[in-house]
Amino acid sequence: MPLSEFDLIARYFRSAGPGRADVALGVGDDCALLRVPPGSLLAVSIDTLVAGVHFPVDTAAADLGHKALAVNLSDLAAIGAEPAWATLALTLPEADEAWLVQFSAAFQGLAARFGVELVGGDTTRGPLSITVQAHGFVPEAGALRRAGARPGDLIYVTGELGDAGLALLALQQELQLPAADRVAVLQRLYRPAPRIAAGIALRAVASAAIDVSDGLAADLGHILAASGVGATLQVERLPISPVLARHFHAAGGWVLPLGAGDDYELCFTVPAVHQGLAEQALEAAGCPCTWIGLVEARPGLRCLLDDGTDLGLAGAGYQHFGG
Ligand SMILES: [Mg+2]
């Protein structure tokens with residue numbers, strides 16, 4: 001790319017506003033220079049979105065700008081971190097100014113909502129690909145690792161599950177949705193809201209946590225594997241939106257809430273003695289949560305209906321939607 005194009009791109013990713021006090025040097029030098037607060041661990045997460053692999057090539061630039069940052073902030077939420085900084089590597093077929101305006105406005109809009117400062121980046125020419133690295137702070141004793149679940153712990157999930165999966169079915173034209181429902185679930189797919197406040201509220205009370213990016217069964221499976229435990233889910237307790245409830249049978253019943261990814265809710269486990277504390281902490285954080293099952297010593301994940309039938313969807317759902 002000629003220098004002028006780099007200049008153009010740099011213009012869109014200069015941070016607006018006064019910036020964070022912990023940024024000694026931001027965008028524009030060889031490195032950013034950053035201060036981590038004493039007593040905190042630096043939490044770091046990176047994700048790449050590739051056109052045609054992670055999103056359709058015609059996805060709106062604003063949706064990509066939001067989602068590329070949101071999925072990284074969701075990982076920070078899942079470990080209980082408070083977001084601070086981000087870096088961005090963009091590979092673009094061309095320096096399309098209209099695309100950059102929309103992408104950067106959505107990216108910076110979400111960044112501003114969570115006090116995140118963009119502190120560096122890189123641009124190259126090539127097939128569209130977006131890599132974001134997010135950095136946050138978490139007290140050493142407060143980090144929500146995957147390995148902390150113990151038999152007897154209660155399993156919870158925030159928000160509602162399956163809407164992003166329903167949006168994918170609509171995009172793939174496997175299901176026709178009324179316009180209002182389609183808009184609502186596409187919003188869930190393209191504009192996920194990272195559960196930062198919930199992650200921070202759970203620091204002192206949850207035993208393990210993960211964000212639901214690949215589907216509840218798969219992601220809970222990561223907690224179970226890391227913790228060396230099993231679990232039973234009460235499937236009919238899984239929280240679903242009124243939109244998904246309207247299309248529940250056409251969308252495959254519990255397959256979406258159990259198996260579809262991209263919802264970016266938090267799944268977490270809580271020792272029974274902390275149940276009241278956890279529910280109060282999330283209520284204070286303005287985050288709905290639902291108790292959905294129990295951690296057990298017996299390995300494996302059981303997905304039971306109220307009549308005792310085991311749906312056995314744990315593997316199938318993951319392969320279809322997240323694999
Ligand atoms: Mg994650």
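Below, all heavy atoms of this structure are taken into account, side chains as well, without hydrogens, waters or symmetry copies.
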Transitive ILVMFWY side-chain link [X] to [Y], under 4.5 Å:
X: Ile240; Y: Leu233; answer: yes
X: Leu69; Y: Trp99; answer: yes
X: Leu266; Y: Ile292; answer: no
X: Leu154; Y: Ile223; answer: no
X: Val71; Y: Leu118; answer: no

Do [X] and [Y] have side chains that approach each other closer than 4.5 Å (heavy atoms only, starting at C-beta)?
X: Gln133; Y: Val44; value: yes
X: Pro239; Y: Glu265; value: no
X: Leu220; Y: Ile210; value: no
X: Asp153; Y: Leu294; value: no
X: Asp75; Y: Asp211; value: yes
X: Val185; Y: Leu177; value: yes
X: Glu82; Y: Arg203; value: yes
X: Thr123; Y: Leu92; value: no

Query - For Leu25, the rest of its hydrophobic cluster, which grows through side-chain links under 4.5 angstrom - result: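 Leu25 shares its hydrophobic cluster with Leu33.
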
Can you name the closest pair of heavy atoms from [X] and [Y] and give their distance?
X: Thr290; Y: Arg237; value: CG2-O, 3.5 Å
X: Asn72; Y: Ser45; value: OD1-O, 3.1 Å
X: Asp263; Y: Ala164; value: OD1-N, 3.1 Å
X: Arg195; Y: Tyr264; value: CG-O, 4.0 Å
X: Ile79; Y: Val138; value: O-CG2, 3.8 Å
X: Arg35; Y: Ala21; value: NH1-O, 3.0 Å

Query raised in the report: Using 4.0 Å as the upper bound for N to carboxylate O, is an ion pair formed by Arg188 and Asp262?
Result: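 Here Asp262 does not pair with Arg188 in a salt bridge, since their nearest N and O are not under 4.0 Å apart.
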
Would you say the side-chain atoms of [X] pair up with the backbone N or O of [Y], donor to acceptor, closer than 3.5 Å?
X: Ser104; Y: Leu100; value: yes
X: Arg146; Y: Asp219; value: no
X: Arg20; Y: Glu117; value: no

Query raised in the report: For the atom pair CG (Leu144) and CG (Leu76), what is the distance rounded to the nearest 0.5 Å?
Result: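 Going from CG on Leu144 over to CG on Leu76, the span is 12.0 Å.
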
Show me the side-chain donor-acceptor pairs of residues 267-275 shorter than 3.5 Å, one per line, residues at least two apart or across chains.
residue: Thr269; atom: OG1; partner: Ser207; partner atom: OG; Å: 2.6
residue: Thr269; atom: OG1; partner: Ala208; partner atom: N; Å: 3.2
residue: His274; atom: ND1; partner: Val205; partner atom: O; Å: 3.2
residue: Gln275; atom: NE2; partner: Tyr156; partner atom: OH; Å: 3.1

Query raised in the report: With Val235, which of Leu304, Leu216, Leu258 fulfils side chain to side chain contact (heavy atoms under 4.5 Å, CB included)?
Result: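 Checked Leu304, Leu216, Leu258 against Val235; only one passes side chain to side chain contact (heavy atoms under 4.5 Å, CB included): Leu258.
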
Query - ring-ring contact (aromatic ring centres under 6.0 Å, His included) contacts touching residues 74-94 (sequence neighbours left out) - result: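 Passing the test, one end in residues 74-94: Trp85-Phe137.
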
For residues 242-253, run the donor-acceptor check on the side chains, cut-off 3.5 Å, and write out each pair with its distance to 0.1 Å, sequence neighbours left out.
residue: Arg246; atom: NE; partner: Asp181; partner atom: OD2; Å: 3.3
residue: Arg246; atom: NH2; partner: Asp181; partner atom: OD1; Å: 2.9
residue: His247; atom: NE2; partner: Asp181; partner atom: OD2; Å: 2.7

Query raised in the report: side-chain contact (heavy atoms from CB on, under 4.5 Å) with Asp307: which residues, sequence neighbours excluded?
Result: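 Listed in chain order: Leu305, Thr309.
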
Less than 3.5 Å apart, which donor and acceptor atoms pair up between the side chains of residues 46-62 and the rest of the protein, not counting sequence neighbours?
residue: Thr48; atom: OG1; partner: Thr131; partner atom: OG1; Å: 2.8
residue: His54; atom: ND1; partner: Val50; partner atom: N; Å: 2.9
residue: Thr59; atom: OG1; partner: Pro56; partner atom: O; Å: 2.6

Query raised in the report: With no hydrogens and no angle check, do the side chains of Ser241 and Glu160 hold a donor and an acceptor under 3.5 Å apart?
Result: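 No, Glu160 and Ser241 have no side-chain donor paired with an acceptor closer than 3.5 Å.
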
